[in-house]
Participant: 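Starting off with a structure, shown below.
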Amino acid sequence: MAAKETSQPEGRPRLTGTPGEEAQNRTLGRSTLPANLARVNDAAKRSRQTRFTALLHHVNVESLERAFRRLRRKAAPGVDGVTVEAYEGDLESNIQDLHQRVHSGRYRPQPVRRTYIPKADGGQRPLGILAVEDKIVQGAVAEVLSAIYEADFLDGSYGFRPGHSAHQALQMVRQAVITERVSWVLDADIRKYYDSIDHEWMMRMIAHRVADPRVLRLIRQWLRAGILDNGVYADTVEGTPQGTGVSPLLSNIFLHYVLDLWVTQWTQRHASGHVRLVRYSDDYLLAFQRWQDAEMMRVALTERLAKFGLQLNQDKTRLIEFGRFAEENRRSRGMARPEVFDFLGFTHYCGKSRAGRFRLFQKTQCKRMTRKLKELRLEMRRRMHQPVRDQHQWLCSVLTGHYGYYGIPGNSGSIGSFLLEVTKGWWRSLCRRSQRAQLAWDEFNALLKVFPLPSAPITGWRQQLV
């Protein structure tokens with residue numbers, strides 16, 4: 001694809017001043033960008049019209065090795081059966097060979113191995129498992145593309161971005177409901193989003209910023225690599241597998257153009273009141289001040305998504321009256337308090353603080369907690385005859401991970417209930433270890449003093465809005 005007149009090599013003109021002078025500002029996350037990617041990021045920030053004509057040279061040996069170091073050592077192997085540990089056995093030689101193949105055009109991605117995990121609604125969520133080398137190359141390319149698109153992504157987008165998290169998205173929802181004029185919430189869901197991404201639209205969107213044909217060729221190869229499901233190969237004519245290295249970034253780019261920019265433009269042209277979009281990957285919600293804007297948006301959003309081959313999941317999409325003003329209006333009409341909605345694993349509902357002021361509460365979604373507890377009980381039964389010390393170590397890791405995500409202000413009741421159910425489940429598991437009399441609860445409490453389970457701290461946000 002020919003470059004536009006606005007195209008220019010990235011990083012030119014070069015930065016002036018002392019090297020590293022502004023390193024604190026040229027970051028995508030907590031760590032400082034490599035110098036070459038910092039120049040790419042600066043060039044992207046200077047002009048959103050710049051198209052980058054030479055990017056593949058940033059996929060060097062160092063970036064490939066960084067991508068390898070980010071891989072989980074116990075990650076499942078791809079279709080070739082090569083594990084991370086096995087690849088690391090001769091890492092320097094393997095990385096050098098991979099680098100040469102990428103730059104000579106001899107690199108070919110392997111099909112994605114399909115696996116499934118249970119969903120909250122009882123269905124199965126398909127995931128894609130890449131070969132180790134594909135993970136490495138995708139990770140290195142995603143690092144380069146992220147340096148470009150972090151200059152473009154809007155503030156309401158939080159999913160799979162450096163320095164952004166689901167907790168920040170939840171904070172934004174809380175801030176919008178409490179401090180902004182929010183009376184209506186459109187809780188929307190895209191049907192099978194990752195399986196419905198149109199490849200041609202995706203490539204056209206990426207071409208707005210990327211004009212390096214070698215990088216575009218790599219992305220197209222990944223999109224068309226195919227799926228291996230239970231030994232059966234299938235071509236991928238649309239969609240991008242969840243779980244792959246570059247897939248989260250590509251999905252963010254797609255929705256950046258399809259949804260984020262469009263909502264901003266629609267609000268400026270058509271909305272008569274305040275509108276707020278909060279998105280984490282394909283999970284998003286829209287908050288409105290006026291009901292008329294919300295209804296118009298629901299109709300327009302359906303048409304907008306259809307243009308790009310996407311559909312709203314009508315069973316999961318609903319418009320509800322919600323927020324401080326909604327509660328007052330419903331009370332004046334003699335109605336119950338506003339309905340609740342789920343977002344990012346939390347149920348959001350309206351309530352009052354101890355001082356009698358309006359407050360948004362966010363608690364663990366019941367379906368998710370129930371499903372997680374069922375999984376833990378099955379795993380406890382499987383580990384029943386392991387040494388108590390090993391069981392304790394595993395349970396501590398499970399609880400710590402649960403607290404790390406769900407331990408936010410106002411959710412102490414839910415995570416306390418989770419700890420109680422896990423404790424009771426461990427006691428029942430220990431009672432089944434033999435045909436002897438069951439373990440008395442007093443004896444179990446004595447055991448907990450030797451092997452205490454971690455308490456449920458609130459690890460969430462520094463600033464609470466009440």
Side-chain angles (χ1 to χ4, degrees), residues 1-70 95-96 98-105 107 135-155 157-164 202-203 205-220 222 245-246 248-250 252-253 256-257 260-261:
M1 181 179 293
K4 294 182 179 179
E5 294 179 358
T6 56
S7 299
Q8 65 182 47
E10 71 278 9
R12 293 181 175 83
R14 291 185 178 275
L15 297 175
T16 58
T18 305
E21 184 179 15
E22 297 179 355
Q24 294 297 328
N25 296 326
R26 288 186 271 114
T27 61
L28 299 184
R30 296 180 179 178
S31 58
T32 304
L33 281 171
N36 58 329
L37 296 185
R39 293 193 295 269
V40 172
N41 184 246
D42 286 335
K45 288 180 179 178
R46 283 196 296 269
S47 173
R48 293 193 175 184
Q49 303 302 319
T50 299
R51 298 180 68 226
F52 293 83
T53 58
L55 290 173
L56 193 63
H57 66 279
H58 294 295
V59 182
N60 49 32
V61 172
E62 291 75 16
S63 68
L64 293 173
E65 186 171 348
R66 282 198 305 272
F68 174 81
R69 299 299 180 191
R70 290 194 293 267
I95 292 293
Q96 289 286 352
L98 179 60
H99 176 261
Q100 293 177 3
R101 285 186 283 125
V102 169
H103 285 265
S104 65
Y107 163 77
K135 292 179 183 178
I136 295 172
V137 181
Q138 287 196 19
V141 172
E143 187 180 51
V144 178
L145 295 179
S146 182
I148 299 172
Y149 285 100
E150 279 300 309
D152 294 350
F153 289 148
L154 304 185
D155 292 337
S157 172
Y158 294 93
F160 306 111
R161 293 178 55 192
H164 295 71
M202 173 67 76
M203 297 306 301
M205 293 171 185
I206 295 174
H208 280 299
R209 277 300 218 172
V210 178
D212 188 334
R214 299 171 299 173
V215 174
L216 294 175
R217 177 173 174 266
L218 282 175
I219 296 174
R220 189 176 291 276
W222 291 328
V246 78
L249 178 59
L250 295 182
N252 265 345
I253 294 172
H256 170 71
Y257 288 104
D260 299 355
L261 293 178

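Residue numbers count from 1 along this sequence.
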Participant: Working to the nearest 0.5 Å, report the span between CZ of Arg69 and CD of Glu65.
Facilitator: 5.0 Å

Participant: To the nearest 0.5 angstrom, please state how far the NE2 atom of His256 sits from the CD1 atom of Ile253.
Facilitator: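 Reported to 0.5 Å precision, the distance equals 9.0 Å.
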
Participant: Atom CG in Asn36, atom CD in Glu62: separation rounded to 0.5 Å?
Facilitator: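 With rounding to 0.5 Å, CG (Asn36) is 9.0 Å from CD (Glu62).
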
Participant: Using the side-chain contact (heavy atoms from CB on, under 4.5 Å) rule, take Leu218 and Val246 through it: C-alpha gap first, then chi angles, then the decisive distance, then the call.
Facilitator: CA-CA 11 Å; Leu218 282 175; Val246 78; over 6 Å; no

Participant: Which heavy atom of Asn252 sits nearest a heavy atom of Arg161, and at what distance?
Facilitator: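 Closest pair (atom of Asn252, atom of Arg161, distance): ND2-CG, 3.8 Å.
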
Participant: Would you compute the distance between atom CG of Leu145 and atom CD of Gln138 and round it to the nearest 0.5 angstrom?
Facilitator: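 It comes to 10.5 Å.
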
Participant: Taking Ala44's backbone N and O only, do any of them form a donor-acceptor pair with Arg209's side chain (distance below 3.5 Å, no angle check)?
Facilitator: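 Answer holds: yes.
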
Participant: Determine whether a donor-acceptor pair (N or O, by modelled atom type, separation under 3.5 Å) exists between the side chain of Asp260 and the backbone of Phe153.
Facilitator: no

Participant: Which atom names give the shortest non-hydrogen contact between Met202 and Leu250, and what distance separates them?
Facilitator: CE-O, 3.1 Å

Participant: Okay, side chain of His164, backbone of Asp155: is any donor-acceptor separation there less than 3.5 Å?
Facilitator: no

Participant: What I'd like to find out is whether the side chain of Trp222 reaches to under 4.5 Å of the side chain of Val141, using heavy atoms alone.
Facilitator: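 Sidechains of Val141 and Trp222: in contact.
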
Participant: Of all heavy-atom pairs between Arg70 and Gly139, which one has the smallest distance, and what is that distance?
Facilitator: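 Closest heavy-atom pair between Arg70 and Gly139: NH2-O, 3.3 Å.
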
Participant: For Arg51 and Ala207, indicate whether the former's side chain and the latter's backbone hold a donor-acceptor pair under 3.5 Å.
Facilitator: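 Answer holds: yes.
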
Participant: Taking Ser146 for the side chain and Leu249 for the main chain, is one N or O donor matched with an acceptor at less than 3.5 Å?
Facilitator: no

Participant: Look up atom CG in Asn41 and atom CZ in Arg46, then write down how far apart they are to the nearest 0.5 Å.
Facilitator: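 Taking CG in Asn41 and CZ in Arg46, the distance rounds to 10.0 Å.
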
Participant: Any side-chain heavy atom of Val210 within less than 4.5 Å of one from Tyr149?
Facilitator: yes

Participant: Report the residues that fulfil ring pair (Phe, Tyr, Trp, His ring centres under 6.0 Å) with Tyr107, sequence neighbours left out, ordered by chain and then residue number.
Facilitator: none

Participant: Between Ile148 and Leu55, is there a side-chain heavy-atom distance shorter than 4.5 Å?
Facilitator: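 In contact.
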
Participant: Could you pull out the closest heavy-atom pair between His103 and Val59, with the gap in Å?
Facilitator: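 For His103 versus Val59, the nearest heavy atoms are NE2-O, 2.8 Å.
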
Participant: Please report the shortest heavy-atom distance between Arg66 and Leu37, naming the atom on each side.
Facilitator: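 So the two residues come closest at NH2-CD1, 4.4 Å.
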
Participant: Quick one: CG on Asp152 to CG on Leu261, what's the gap to the nearest 0.5 Å?
Facilitator: 8.0 Å

Participant: Taking all atoms of both residues into account, what is the closest heavy-atom pair of Val215 and Leu56, and its distance?
Facilitator: CG2-N, 4.0 Å

